[in-house]
Number of protein chains: 2
Amino acid sequence: MRSTTLTPGARRILDVASALFYERGIHAVGVDTIAAESGVTKRTLYDRFGSKDALVVAYLAERDRRWRDRVVAALDGAPDDPVSRVDAVFAVLAAGTAESSRGCSFINAAAEFPDPDHPARTLVREEKQWLRERLVEALAGVADAERVATTLLLLHEGAFVVLSAAQDPDAVPAARSAARAVVQDAVGR
Amino acid sequence: MRSTTLTPGARRILDVASALFYERGIHAVGVDTIAAESGVTKRTLYDRFGSKDALVVAYLAERDRRWRDRVVAALDGAPDDPVSRVDAVFAVLAAGTAESSRGCSFINAAAEFPDPDHPARTLVREEKQWLRERLVEALAGVADAERVATTLLLLHEGAFVVLSAAQDPDAVPAARSAARAVVQDAVGR
DNA sequence: GCTAGACTACACAGACCTGTGAAGGAGGGG
DNA sequence: CCCCTCCTTCACAGGTCTGTGTAGTCTAGC
């Protein structure tokens, strides 16, 4: 399911599906709509992806990969101290949420798929777990890094929700500065 | 739409709809299923509630009312200091999430309804805003109460998400103790 | 030239969706 | 007794859902 192996039609399908799933919700978008908007027949869609479920997984997997790339790039470019490194993660959050107010595609997907064993849910778990591991790494040398990382993850995910569900535009900046305070406190102890 | 004005059939419909909407997601549950499970015909459902959308709003409104009642009761029973009062709010979160791992019905509903002007979304906004106001009140006398309340709301909502989407059973206890630390820090300054 | 892959067109299946129309039964209050 | 509310039964409209079957076209590479 690497992007380089996607045929041109499949590429268009995935692009269109990604936009529609994210903007309108997964259950709210039918395969007919996706096919039509991609300028492709339903037959092609099923030939490329096999099922709507598999298309949903491809959608989440791609968003996952792109978000991880952004986080990795931000961490690579950040000064090598815990405060800066954690702030880099929250800078990605700020940049990412500036593009849309629909929140986190993984959180939204989890809300739509109650079954914890659904492949989409596995992806969601892994994404959040991966982010938490990056936070623990960013806190290298800080006392109680595991506990602090959990607090930071709570602030990070809370920001997504308070922004998209509660529609508070201050959510992300507030989370970012709260995170900074938490790390500074943990470092200075 | 007060519960005392609901006819017996309507009461059953709303109970069944609440359980199904919460467990399976709103779009995933059809009115046929709700009517059948309530031992009622679709005709009755539409006579009582008018539309599925209105039933969804009734579902959220009732959950909202019940959650608020629990928070108010917990705050009433808590010692009159910021740490205890804030902890009471998080105790309700702990008790509420112990009952199910499907997370927050309002967050989930927001994920399913992209239109911010949908009546369900208005309810969601009001619920989170109300909770934030209770937190500000609980922080009476604390310096920078508004900012601290936002941080606490982020931890509160983050706990819902990290529990339900990331399925981390430690999310709520971690949020509760982080909240306690935040308040203690703000008080002791 | 031949073949394989990508894609089109389009009908169809079978289920499910929200919502309505018509007709009537049961029971209580005026 | 009559009316009102609540609720029932059942058919139906009009649409959407995921997914498949059949048949055929175009293009690139061997």
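By convention in this document, chain letters (A, B, ...) are assigned in the order of the sequence lines, proteins followed by strands, and residues within each chain are numbered from 1. Only a predicted model underlies this, so the values are computations on that prediction, with no experimental measurement involved.
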Do B/S18 and B/R63 pass the side chain to side chain donor-acceptor pair (under 3.5 Å) test, and can you show the C-alpha distance, the side-chain angles, and the key distance before you say yes or no? CA-CA 8 Å; B/S18 293; B/R63 281 192 82 101; over 6 Å; no
Side chain [X], main chain [Y], donor-acceptor under 3.5 Å:
| X | Y | answer |
| --- | --- | --- |
| A/H27 | A/E112 | yes |
| B/K128 | B/L153 | no |
| A/S38 | A/I34 | yes |
| A/R102 | A/Y22 | yes |

Considering only distance and modelled atom types, tabulate donor-acceptor pairs under 3.5 Å from the side chains of residues 86-95 of chain A, sequence neighbours left out.
| unit_1 | atom_1 | unit_2 | atom_2 | d |
| --- | --- | --- | --- | --- |
| A/D87 | OD1 | A/R176 | NE | 3.0 |
| A/D87 | OD2 | A/R176 | NH2 | 3.0 |

If I take atom [atom1] in residue [X] and atom [atom2] in nucleotide [N], what distance separates them, rounded to the nearest angstrom?
| X | N | atom1 | atom2 | value |
| --- | --- | --- | --- | --- |
| A/L45 | C/dA6 | CG | P | 14 Å |
| B/R24 | C/dC16 | CZ | C1' | 14 Å |
| B/K52 | C/dG19 | NZ | C1' | 12 Å |
| A/Y46 | C/dA13 | OH | P | 17 Å |
| B/I26 | C/dC17 | CD1 | C1' | 16 Å |

The side-chain hydrogen bond (donor to acceptor under 3.5 Å, both in side chains) partner of A/R132 among A/E146, A/E137, A/E127 is A/E146
Determine whether the side chains of A/S84 and A/D81 contain a donor N or O and an acceptor N or O closer than 3.5 Å.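 The answer is yes; a qualifying pair exists.
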State which residues pass side-chain hydrogen bond (donor to acceptor under 3.5 Å, both in side chains) with A/D47; sequence neighbours excluded, sorted by chain then number.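 Residues passing side-chain hydrogen bond (donor to acceptor under 3.5 Å, both in side chains) with A/D47: A/R43.
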Boundaries of the DNA chain D segment in contact with chain A, non-hydrogen, under 4.0 Å: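 So the outermost contacting nucleotides come out as D/dC17 to D/dT22.
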Does anything in residues 32-43 of chain A reach DNA chain D, meaning a heavy atom under 4.0 Å, and if so which residues?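 Heavy-atom contacts with DNA chain D come from A/D32, A/K42, A/R43.
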Return yes when atom CZ of A/R24 has more than 12 non-hydrogen atoms of other residues, nucleotides or ligands closer than 6.0 Å, and no otherwise.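 Not more than 12 within 6.0 Å, no.
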Sorted by position of nearest nucleotide on DNA chain D, 5' first, the leading residue of A/A28 and A/G50 is A/A28
Got a list of side-chain donor-acceptor pairs under 3.5 Å for residues 161-175 of chain A, not counting sequence neighbours?
| unit_1 | atom_1 | unit_2 | atom_2 | d |
| --- | --- | --- | --- | --- |
| A/S164 | OG | A/F160 | O | 2.9 |
| A/Q167 | OE1 | B/R125 | NH1 | 2.4 |
| A/D168 | OD1 | A/D170 | N | 2.8 |

List in numerical order all residues of residues 109-117 of chain A for which some heavy atom is under 4.0 Å away from an atom belonging to DNA chain C.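 None - not one residue of the stretch has a heavy atom sitting under 4.0 Å from the strand.
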